[in-house]
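For reference, the structure discussed in these notes is given below.
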Amino acid sequence: MKNTVRVLTLIALAATFSLPALAQDAAATQSTASQTEEEQRSAKYAEFLKLYKGTPEQQKQAADIGREYVAKYGSNTADENNAQIVKFIQGWLARYDKAVRDYEFDQAVRNNQVPRAFELGRQVGAAEPDNVTVQLRLALLGLNAAAAKNEANNADTIQAAKRALQLVESGKTPDKDNWAPFPNRDEAIGALNFTLGWLLLKTDPVTASNHLVKVAQSNTRFKKDPTTYYSLGSAYYNSPEFQRMLTEYNEKYAGKEPVPEGVALLDKINHVLDRVIDAYARAVAATTDATQKAAFMKALTAVYKARYDKEDGVQELVNTVASRPLPLLSDPVKMTPPPTTPATGTTTTPSGSATSGATTTTPASTNGTKPATPPKPKR
């Protein structure tokens, strides 16, 4: 993708706190405890108090001491003073653990440590299921990784993008309403829909097309991204229903005398092909990269020729397509210029399956000449 999505960068959370210390009068109320135990308990708490406001290393020591204190004395609720100390230490430990986890997550994202970031992100998600920032960062990190051909975390990326989109659309916002690196909520939604559309292209092209249509209908920068439209055309072409229709037509009606059932099926096939052509034309029109434009044009020309048995009109379609609204599957498509009526029986033969960002299924016209598979577009 020409405009690769950048990973979010946020200021790391500080791992220090300024918490009030509780009184250390550990010997005031517990008459049943021995003096030795009370002295040990008081000394342990005093040690904690000396460290919990210190350096990160000192705070780490304080956390270990605090956990030891809670484990050893936490069940002693009869002593009111001890109960207050335990409550204070537990509260501090919760904030300390969160700060450490958030800091480590931030560092993993900054350093592009993808598996580690998702591992920590799952911990954050379990503790804070409504944390929009973490899910958004995971989605973008995973998208960048996939664009760099590292697809090991695609499933986690899809899950994070779905969760982030669900949270945002339900009204949740990031901390301090900070949508960086996007300027606002709408751009973040556009990025999430693009992520889902691109990553679901192989496994669920129908759902992918739904997300990509939303991107194409938005007012975000992803609406101008040529990959959006090339992926949309690929999703239409590789949908299971369209591939089923192609197979049925080729097995039952191709090369034979036309019958009403075959003509009706061919009309449905051409209806989808027109949307593929429209989407590919938008991809060509949107890109300024010469190599990418050539790859998109090659794919567009192949589908157009398979559909209309000619190439005339392709360039004019590219020149005018951006001035028309994006057609949905239920909408009619008017090509520019209007093509001549295709020869009876003209159809398309499937020859592969889609890949993220580019289709490897290239239509073949009924004359038996199969166009070359276009190279995968640059990202």
Side-chain angles (χ1 to χ4, degrees), residues 1-13 102-103 105-110 112 114 117-118 120-121 124-125 128-148 153-154 156-201 207-232 235 279 282-283 285-288 322-323 325-326 328 356-357 379:
M1 183 173 68
K2 185 71 174 177
N3 301 318
T4 302
V5 181
R6 291 187 175 87
V7 176
L8 288 167
T9 54
L10 300 176
I11 298 175
L13 295 176
D102 290 350
Y103 177 79
F105 173 75
D106 179 78
Q107 291 302 298
V109 172
R110 287 174 181 267
N112 202 33
V114 182
F118 275 101
L120 293 166
V124 176
E128 304 170 48
D130 292 345
N131 192 319
V132 176
T133 299
V134 168
Q135 299 304 323
L136 183 60
R137 295 185 76 183
L138 286 174
L140 295 179
L141 177 67
L143 176 62
N144 282 337
N153 294 98
N154 277 11
D156 288 327
T157 303
I158 291 169
Q159 183 177 357
K162 285 181 177 179
R163 180 58 181 160
L165 191 59
Q166 180 186 39
L167 290 171
V168 172
E169 291 182 339
S170 69
K172 298 292 190 300
T173 60
D175 294 338
K176 299 180 181 179
D177 205 30
N178 182 3
W179 295 95
F182 304 106
N184 52 49
R185 175 180 180 272
D186 289 343
E187 288 289 341
I189 290 176
L192 292 171
N193 275 312
F194 178 87
T195 299
L196 289 170
W198 195 62
L199 292 183
L200 289 170
L201 197 54
T207 301
S209 66
N210 292 335
H211 287 289
L212 292 166
V213 165
K214 290 179 181 179
V215 176
Q217 292 178 327
S218 71
N219 290 317
T220 69
R221 68 183 182 88
F222 289 93
K223 178 179 182 177
K224 301 176 182 178
D225 193 313
T227 308
T228 294
Y229 300 100
Y230 196 75
S231 299
L232 179 59
R282 291 174 191 273
T287 186
T288 57
S323 65
L326 180 79
L328 304 180
S356 295
R379 287 193 58 80

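Just so it is clear, the model here is predicted, and its values are computed rather than measured.
Among all heavy-atom pairs drawn from K172 and V132, the shortest one is CB-CG2, 3.6 Å. Residues P174 and T133 approach most closely at CB-OG1, 3.2 Å, considering heavy atoms. Considering all non-hydrogen atoms of both residues, T220 and E187 come closest at CA-OE2, 3.2 Å. Taking both residues in full, the closest heavy atoms of L196 and H211 are given as CD1-CE1, 3.4 Å, listed atom of the first, atom of the second, then distance. Shown here for G197 and A208, the closest heavy-atom pair between the two residues is O-CB, 3.3 Å. Heavy-atom minimum distance, A146 versus W198: CB-CZ3, 3.7 Å.
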Do L326 and L232 pass the side-chain contact (heavy atoms from CB on, under 4.5 Å) test, and can you show the C-alpha distance, the side-chain angles, and the key distance before you say yes or no?
-> CA-CA 11 Å; L326 180 79; L232 179 59; 4.2 Å; yes
Show the numbers, then the answer: is there a side-chain contact (heavy atoms from CB on, under 4.5 Å) between D156 and L138?
-> CA-CA 8 Å; D156 288 327; L138 286 174; over 6 Å; no
Given T287 and Y230, is the side-chain contact (heavy atoms from CB on, under 4.5 Å) satisfied, shown in steps?
-> CA-CA 10 Å; T287 186; Y230 196 75; over 6 Å; no
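Distance CG/L199 to NZ/K162: 11.0 Å, rounded to 0.5 Å. Expressed to the nearest 0.5 Å, how far CG of N131 lies from CG of D175 amounts to 6.0 Å. Rounding to the nearest 0.5 Å places CH2 of W179 at 9.0 Å from CG of D186. To the nearest 0.5 angstrom, L212 atom CG is 7.0 Å from L201 atom CG. Atoms OH and NZ, from Y229 and K224 in turn, are 10.0 Å apart once rounded to the nearest 0.5 Å. Taken to the nearest 0.5 Å, the CG atom of L140 stands 11.5 Å off from the CD atom of Q135.
At a threshold of 4.5 Å between non-hydrogen side-chain atoms, the residues D225 and V215 do not count as touching. Between R185 and T173, the closest side-chain pair of non-hydrogen atoms is not below 4.5 Å. Inter-residue side-chain proximity for L141 and N112 is flagged as met; some heavy-atom pair is nearer than 4.5 Å.
One N or O on the side chain of T228 and one on the backbone of F222 form a donor-acceptor pair closer than 3.5 Å. Between the R163 side chain and the P129 main chain, a donor and an acceptor come within less than 3.5 Å of each other.
In terms of the side chain to side chain contact (heavy atoms under 4.5 Å, CB included) criterion, residue partners of L192 (sequence neighbours excluded) are, by chain and number, L136, A139, A161, A164, L165. By the salt bridge (charged side-chain N to carboxylate O under 4.0 Å, His left out) test, E128 pairs with K98, R101, sequence neighbours left out.
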